[in-house]
Amino acid sequence: MALESLKPGRNLALELVRTTEAAAMAAAEWKGRGDKIGADQAAVDAMRSVLSGVEMDGIVVIGEGEKDEAPMLYNGESVGTGEPPATDIAVDPIDGTTLTSLGLAGAIAVIAVADRGAMLNPGSAVYMEKVAVGPEGAGIVDIRLPVDRNLTALAKAKGKAVSELTAVVLDRPRHDDLIAEIRACGARIRLIPDGDIAGAIATAWPESGADILLGIGGTPEGVITAAALKAMGGDLQGRLWPRSDDERAILLDEGHDLDKILTLDDLVSGNDSFFAATGITSGDLLRGVQVTSEGTTTQSLVMRSRSGTVRLIEATHRQEKVDSITA
């Protein structure tokens, strides 16, 4: 059964948000403790526990991965109840493990779901070049163009001066030249230490103040981001970026076209994908997990591409329930 054949009344993302809420609350227990591995494992355990009860026949296409020797949410794992619909699952229980461990802003828990076979399986492609924009920039920017031309075109489309644009870039040595180019154009830069899923989605979220994401980031994260930007009317283009000649040879053996410009439809095909994200630490996109006298509060984004619906959900969880998840 395809996702598009589901009754319009069932928005799978509204069920999936329970998994990101659980992961975020579990990860928040480790905030600022300096233990990335402990935080990630807590989030994985909580997300997997809740995900097992979601009515779907899911296969993890993008998960913790064999490289992590992950016991749960690994690539190829079956999740859900095993009943239709048949789906591809992409998870990142913590997008920003370093941010969480250091207590820094912007960490989120995310999940994306699409029809079986709809998601690009990146295989050995760890990194790709990316450009991401919100609705006003869709169809305007082109990853093949120089930075100055893209910024000029985007500024015109948004009715701004280039100097009023803010570009989101991962703070990595590989981006030194890119950062210099952006600054030479007069645009602002928001350097992020981690978490380019949130950075890309922020370009389509007006309150964030971000206009464009540029640079090289994770390929799995690009697939997850595509599911969100499809719902938000934004755009993402990517091109695989091998780190060495050996990796280039492996990607070519796997059948990847390293010159191909990957579009939203290449990353997540079809017309019905779902996305949910919950804040772990407060950032430009979402408020993080907070403990109050009434319980634990979370803030989440929930999206469906078929309807273009984007929901901002605030929830309060009773403390004894949180304890049962995060134990």
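Heavy-atom neighbours of R248 CZ from other residues, nucleotides or ligands within 6.0 Å: at or below the threshold of 12. Surrounding NZ of K160 are more than 12 heavy atoms belonging to other residues, nucleotides or ligands, all under 6.0 Å away. Within a 6.0 Å radius of CG in D177, other residues, nucleotides and ligands contribute 12 heavy atoms or fewer. Within a 6.0 Å sphere centred on CZ of R174, other residues, nucleotides and ligands contribute more than 12 heavy atoms.
One distance of note links CD1 of I261 with CD of E129; it measures 7.5 Å at 0.5 Å rounding. The distance from atom CG of L214 to atom CG of D196, rounded to the nearest 0.5 Å, is 12.0 Å. Here the straight-line distance linking atom NE2 of H256 with atom OG1 of T219 works out to 8.5 Å at 0.5 Å rounding. Taken from CG in L312 to CE in M303, the straight-line distance is 9.5 Å, to the nearest 0.5 Å. Atom CD1 of I182 sits about 4.5 Å away from atom CD1 of I189, to the nearest 0.5 Å. For the atom pair NZ of K36 and CG of D194, the computed distance is 7.5 Å after rounding to the nearest 0.5 Å.
Contact detail for A157 and E136: the closest heavy-atom pair is CB-O, 3.6 Å. Between I280 and P93, the shortest heavy-atom distance links the atoms CD1-O, 4.1 Å. Of all heavy-atom pairs between L213 and A200, the closest is CD1-N, 3.5 Å. In plain terms, the two heavy atoms of L170 and G217 that are nearest each other are CD1-CA, 4.1 Å. A pairwise comparison of heavy atoms in D259 and R239 identifies O-CD, 4.2 Å as the closest pair. Between D95 and A198, the shortest heavy-atom distance links the atoms OD2-N, 3.4 Å.
Through direct or relayed side-chain contacts under 4.5 Å between Ile, Leu, Val, Met, Phe, Trp and Tyr, L99 connects to L102, L104.
Proximity of a side-chain donor or acceptor of E164 to a complementary backbone N or O of A161 within less than 3.5 Å is detected. Using a distance-only test at 3.5 Å, with no hydrogens or angles considered, a donor-acceptor pair links the side chain of D266 to the main chain of T263. Between the S305 side chain and the S273 main chain, a donor and an acceptor come within less than 3.5 Å of each other. In terms of modelled atom types and a separation under 3.5 Å, the side chain of T19 and the main chain of M47 share no donor-acceptor contact. Judged by distance alone, the side chain of S282 and the main-chain N or O of G288 form a donor-acceptor pair under 3.5 Å. A donor-acceptor pair is defined here as one N or O able to donate and one able to accept, closer than 3.5 Å; such a pair exists between the side chain of T100 and the backbone of G96. Judged by distance alone, with hydrogens and angles left aside, the side-chain atoms of D88 form a donor-acceptor pair with the main-chain N or O of G117 at under 3.5 Å. Judged by distance alone, the side chain of S52 and the main-chain N or O of S49 form a donor-acceptor pair under 3.5 Å. Although no hydrogens or angles enter the test, the distance criterion places a donor-acceptor pair under 3.5 Å between the side chain of R172 and the main chain of P193.
Hydrophobic cluster membership is shared by V131 and L178, with clusters built from Ile, Leu, Val, Met, Phe, Trp and Tyr side chains linked at under 4.5 angstrom. Residue I224 is not grouped with residue I89 when hydrophobic side chains (ILVMFWY) are merged at heavy-atom distances under 4.5 angstrom, including chains of intermediate members. Note: the hydrophobic cluster containing L267 also contains V61 (ILVMFWY, side chain heavy atoms under 4.5 Å, direct or indirect links). No continuous path of ILVMFWY side-chain contacts below 4.5 Å connects I197 to F274, so the two sit in separate hydrophobic clusters. Residues M56 and M72 share a hydrophobic cluster, clusters being chains of Ile/Leu/Val/Met/Phe/Trp/Tyr side chains in contact below 4.5 Å.
Counting only heavy atoms from C-beta outward, the side chains of V162 and T152 approach each other to under 4.5 Å. You'll find the side chain of L286 stays beyond 4.5 Å of the side chain of T278, heavy atoms only. L120 places none of its side-chain heavy atoms less than 4.5 Å from the side chain of V268. Using a 4.5 Å cut-off on side-chain heavy atoms (C-beta onward), P122 and I62 make contact. Side-chain contact between L51 and L16: present, with at least one pair of heavy atoms (C-beta onward) separated by less than 4.5 Å. H175 places none of its side-chain heavy atoms less than 4.5 Å from the side chain of L191. Under the 4.5 Å side-chain criterion, counting only non-hydrogen atoms from C-beta, V54 is in contact with L12. The closest side-chain heavy-atom distance from R116 to D57 is below 4.5 Å.
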Task: Test log, rule side-chain contact (heavy atoms from CB on, under 4.5 Å), inputs V141 and L145 - done: CA-CA 8 Å; V141 300; L145 294 178; over 6 Å; no
- [ ] Kindly indicate, with the supporting measurements, whether the criterion side-chain contact (heavy atoms from CB on, under 4.5 Å) is fulfilled by K230 and F275.
- [x] CA-CA 10 Å; K230 269 200 160 189; F275 176 92; over 6 Å; no
TODO: Go through the steps to decide whether R48 and E77 satisfy the test salt bridge (charged side-chain N to carboxylate O under 4.0 Å, His left out), and finish with yes or no.
DONE: CA-CA 11 Å; R48 181 62 175 83; E77 181 181 3; 2.7 Å; yes
TODO: Determine, step by step, whether V133 and I140 satisfy the side-chain contact (heavy atoms from CB on, under 4.5 Å) criterion, reporting the C-alpha distance in whole Å, the side-chain angles of both residues, the deciding distance to 0.1 Å, and the verdict.
DONE: CA-CA 9 Å; V133 290; I140 300 297; over 6 Å; no
- [ ] Might you work through the side-chain contact (heavy atoms from CB on, under 4.5 Å) test for K31 and V289, ending with a clear yes or no?
- [x] CA-CA 10 Å; K31 182 172 61 176; V289 174; over 6 Å; no
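The pair D142-R144 meets the salt-bridge criterion, since a charged nitrogen lies less than 4.0 angstrom from a carboxylate oxygen. In summary, D211 and R188 do not engage in a salt bridge, as defined by a charged side-chain N under 4.0 Å from a carboxylate O.
Between H317 and the choices T297, T298, T296, the side chain to side chain donor-acceptor pair (under 3.5 Å) rule is met once, by T298.
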